[in-house]
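Just so it is clear, the structure is predicted and the values come from calculations on it, not from any experiment.
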Amino acid sequence: MGLFDQVGGALKGAIASELAANGPALLNSALAKTNMGNLQGLVEQLQQGGLGDQVRSWLGNGQNMGVSPEQIQSALGNDQLRQLAAHFGIPIEAVSKLLADHLPSAVDQASPDGTLQSS
């Protein structure tokens with residue numbers, strides 16, 4: 001593994017840690033620099049992209065359904081992911097994985113009463 005791979009892995013790990021701790025705020029900050037605008041815009045895009053059941057589980061009080069990086073990529077498309085990847089300084093595939101890993105809990109945190117809260 002080269003130095004670039006090590007630095008990239010460390011950066012991805014730092015982003016993942018921050019997402020776990022401050023998911024909604026970090027996502028809103030990143031999404032503000034895209035045409036999705038905020039977490040609500042991302043959620044709407046995912047619903048329109050066929051992930052309505054997953055999103056409903058994140059907003060509801062029950063267990064959060066998982067989502068795969070491939071489902072994220074399919075629902076959002078490369079342009080959206082490219083914008084987020086540029087913001088975080090990581091590859092598109094890493095953005096898909098980070099969103100798949102942390103988006104369910106971030107949306108859950110941002111919707112304590114079942115409705116997405118404004119940040």
Atom pair [atom1] ([X]) and [atom2] ([Y]), whose distance is rounded to the nearest 0.5 Å:
{"X": "Q40", "Y": "L116", "atom1": "CD", "atom2": "CG", "answer": "5.0 Å"}
{"X": "S29", "Y": "N38", "atom1": "OG", "atom2": "CG", "answer": "12.0 Å"}
{"X": "Q45", "Y": "T34", "atom1": "CD", "atom2": "OG1", "answer": "8.5 Å"}
{"X": "L98", "Y": "I90", "atom1": "CG", "atom2": "CD1", "answer": "4.5 Å"}
{"X": "Q109", "Y": "H102", "atom1": "CD", "atom2": "NE2", "answer": "11.0 Å"}
{"X": "L81", "Y": "I92", "atom1": "CG", "atom2": "CD1", "answer": "6.0 Å"}

Between [X] and [Y], what is the shortest heavy-atom contact and its length?
{"X": "V107", "Y": "W58", "answer": "CG1-CB, 3.7 Å"}
{"X": "A30", "Y": "L84", "answer": "CB-CD2, 4.0 Å"}
{"X": "L39", "Y": "A106", "answer": "CD2-O, 4.4 Å"}
{"X": "P91", "Y": "A85", "answer": "C-CB, 4.0 Å"}
{"X": "D113", "Y": "T115", "answer": "OD1-N, 3.1 Å"}
{"X": "R82", "Y": "D79", "answer": "NH1-OD1, 2.9 Å"}

| field | Main-chain N/O of N35 paired with Q83 side-chain donor or acceptor, under 3.5 Å | value | yes
| query | Under the 3.5 angstrom rule, does the side chain of S57 hit a backbone N or O of M65 as a donor-acceptor pair? | reply | yes
Throw together a table of side-chain donor-acceptor distances under 3.5 angstrom for residues 47-54, partners on residues two or more places apart or in other chains.
{"from": "D53", "atom 1": "OD1", "to": "R56", "atom 2": "NH2", "distance (Å)": "2.4"}

| query | Looking at side-chain heavy atoms only, is the closest gap between L42 and L103 below 4.5 Å? | reply | yes
| L99 vs V67 side-chain heavy atoms within contact, under 4.5 Å | no
| field | Pairs satisfying side-chain hydrogen bond (donor to acceptor under 3.5 Å, both in side chains), at least one member in residues 84-96, at least two apart | value | none
